[in-house]
2 protein chains.
Amino acid sequence: MNYQIELRHFIYFLAVAEELHYRKAAEKLFISQPGLSTQIKQMEEILGTQLFVRDKKKVSLTPAGEFLKKEVEFILNHLEQTKKQVKLIGDGQLGEVRIGFLGSAMQNVVPDLLLGLKEKFPTIHTTLEELSNRAQINAILADRLDLGFVRLSRVPKGLDVRPVFEDTFSLVLPEEHPLDKGNFRNIDQVANEDFILFSQDYSPMYYDTVLSICEDSGFVPHVSHKSVHAQTIFKLVENKLGIAIVPTTLQYGFQMKVKFIEMKNIKQRAVLSMVWKTDNRNPALQKGMDLLMEL
Amino acid sequence: MNYQIELRHFIYFLAVAEELHYRKAAEKLFISQPGLSTQIKQMEEILGTQLFVRDKKKVSLTPAGEFLKKEVEFILNHLEQTKKQVKLIGDGQLGEVRIGFLGSAMQNVVPDLLLGLKEKFPTIHTTLEELSNRAQINAILADRLDLGFVRLSRVPKGLDVRPVFEDTFSLVLPEEHPLDKGNFRNIDQVANEDFILFSQDYSPMYYDTVLSICEDSGFVPHVSHKSVHAQTIFKLVENKLGIAIVPTTLQYGFQMKVKFIEMKNIKQRAVLSMVWKTDNRNPALQKGMDLLMEL
DNA sequence: ATAATCAATAAGTATGAATTATCAAATAGA
DNA sequence: TCTATTTGATAATTCATACTTATTGATTAT
């Protein structure tokens, strides 16, 4: 006696409510009429209410049945929709990829990735957040981020890395500086100037790399200022407070009175890598990864 | 192989999604663990998607499972309500409206609404529950509640809001306090006292508003205690542990040795709003809304 | 190493949804 | 009135499958 309502009941009920005829409804459902009769009866028992009036050759809905019909239609539709959505999310066609990036990555790879994603998987949402290397690693480990773009040589266990872009370094000088593309030979020509660099804790790899560039030319740079924003660094150079060494692509996207001298002859490169958790379960991420692997 | 999803699956799924532990979930459901395992597996097969990740001693939800969990919660709640409504209609009633409210709303609008409903639609049942702002919003989204009375400036997408009552703020002081309606000019006269306020997470809007009242008079209040019950706040004031600022109508319905000074001259108002789901399907709610629109 | 704990698998049971066969009641046609 | 036909409800039976117990393999903790 103590049964539980099941979706089967709803489907049967709806058929009868539409046909208002047990035999026809049973036919439509590909079951026998007695089976349908008992199931509807059971349903009425569970709900404690009459749903149909059967008198003299006629089946009709009670007010309660009328109300239930509308609800069952809604519920079954909603369910169908939900099933579809679940499948889509499981297949990675729908969902969200949370991306973090260093400011300096905004010039190249990230915009391409976003455009490609939008085009190939328009139903995948993306959220973007500019974060430091360290903040990105922490966020990925805590599952607040799916994908990061960092400049790091090593990452904690459990994370995967893949280099996605190699950039040369460029010297950044005030426009009025005597050195230019024509007379520039080697970095030791500016060995005695003040240097403005990105902070160590913003990107230790960058900092070490810049130091090694100078070391290769036999001098230790005097670092007068440090910042975490390219904007700030360029502004300081513009005001002749020092010179800088930055990844070359950083020159695009700013309106500053500074000039860039690309140093192609040195071996160091600014490597941008993407990082993600090895066992990330977000299927939408896989799609993004597949896309990036092709780039 | 060609099974059909049933409500049983959803109930089982929800138990596992909540416990994230098959044996415990099975215990809660009063079935055996292997039975539960096979049912969940079958469910995943029907949906064509992995819902749980079982690896090394740990069960967790996939994104698809995460999504499904929210949907299942909604569906099961909605179903429960539908069953109730059907029964009520079958018994000759119009239905049920589930109302939530902040404690501070009990003094004015809610009682009027209830009385009006009872008079015009004596066959509509109402259930009342005192809940925080946040709890009300969650309950409405999950279809556990039809109508809420909250103090919020913004609500999530999919919900409608309508202000129903504007209240001034009053200062609450111990009876023996030197300040009274006669000599009170401005709130800065109590700038150096301790303040007892409703907790931020109970009603962020209230908290912000009270701070802005003080700010307008050029001081930052020292908040010594926070509570979620008006009763508690008044008790603390009575015992001279501080003073409070509350919506004026809160003064009715309590027997306390405190006095109220209404601050009509300040611009801030305590706004009580009603909230409901835009696509709520409860026909009884419509009736209640019509009534409230007239008030 | 040993024990403990987890979910998955295997085999058997039992619940209850289905079937077929039949009935009672009502209508329609002669 | 009689019969034929149609309706949904019962009764008896069959059959699918959700469930049980027993066990395994994998992993972790002591």
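- In this structure, A:Tyr12 places its OH atom 3 Å from P of C:dA18, rounding to the nearest Å.
- Atom-to-atom, NE2 of A:His21 to P of D:dA9 comes out at 12 Å; the value is rounded to the nearest Å.
- Within residues 23-41 of chain B, the residues that have a heavy atom under 4.0 Å from DNA chain C are, in order of number, B:Arg23, B:Gln33, B:Pro34, B:Ser37, B:Lys41.
- The interatomic distance linking A:Glu45 (CD) with D:dT10 (C1') rounds to 14 Å, in whole Å.
- At most 12 heavy atoms of other shown residues, nucleotides or ligands fall within 6.0 angstrom of atom NZ in B:Lys118.
- Rounded to whole angstrom, the span from the CZ atom of B:Phe13 across to the C1' atom of D:dA18 amounts to 20 Å.
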List the atom pairs, with distances to 0.1 Å, where a side-chain N or O of residues 7-15 of chain B and a protein N or O form a donor-acceptor pair under 3.5 Å, not counting sequence neighbours.
from, atom 1, to, atom 2, distance (Å)
B:Arg8, NH1, B:Gln39, OE1, 2.5
B:His9, ND1, B:Glu6, N, 2.9
B:His9, NE2, B:Gln39, OE1, 3.1
B:His9, NE2, B:Gln42, OE1, 2.8

Using a 3.5 Å cut-off and no angle test, enumerate the donor-acceptor pairs between side-chain atoms of residues 119-126 of chain B and protein atoms at least two apart in sequence or in another chain.
from, atom 1, to, atom 2, distance (Å)
B:His125, NE2, B:Gln93, OE1, 2.7

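- Between A:Glu27 and A:Arg23, at least one side-chain N (NZ, or NE/NH1/NH2) sits under 4.0 Å from a carboxylate O, which counts as a salt bridge.
- The distance from atom CZ of B:Arg8 to atom P of C:dT15 is 16 Å, rounded to the nearest whole Å.
- Under a cut-off of 6.0 angstrom, the local environment of NZ in B:Lys28 is crowded, with over 12 non-hydrogen atoms contributed by other residues, nucleotides or ligands.
- The pair A:Asp143-A:Arg98 meets the salt-bridge criterion, with a side-chain N (NZ, NE, NH1 or NH2) lying under 4.0 Å from an Asp/Glu carboxylate O.
- Spacing between atom CG of B:Leu51 and atom C1' of C:dA7 amounts to 16 Å, rounded to whole angstrom units.
- Among the heavy atoms of the strands, none lies under 4.0 Å from A:Gln4.
- Heavy atoms of A:Phe52 sit nowhere under 4.0 angstrom from any nucleic acid atom.
- Atom-to-atom, CG of B:Leu7 to P of D:dA18 comes out at 14 Å; the value is rounded to the nearest Å.
- In this structure, B:Gln42 reaches the sugar-phosphate backbone alone: every heavy-atom distance under 4.0 Å involves primed, P, OP1 or OP2 atoms, never a base.
- Between B:Phe74 and A:His78, the ring planes lie tilted relative to each other; the angle falls in the 30° to 60° range.
- The side chain of B:Tyr22 places no N or O atom within less than 4.0 Å of a non-bridging phosphate oxygen (OP1 or OP2) of C:dT9.
- For the pair B:Glu6 CD and D:dC19 P, the computed distance is 11 Å after rounding to whole Å.
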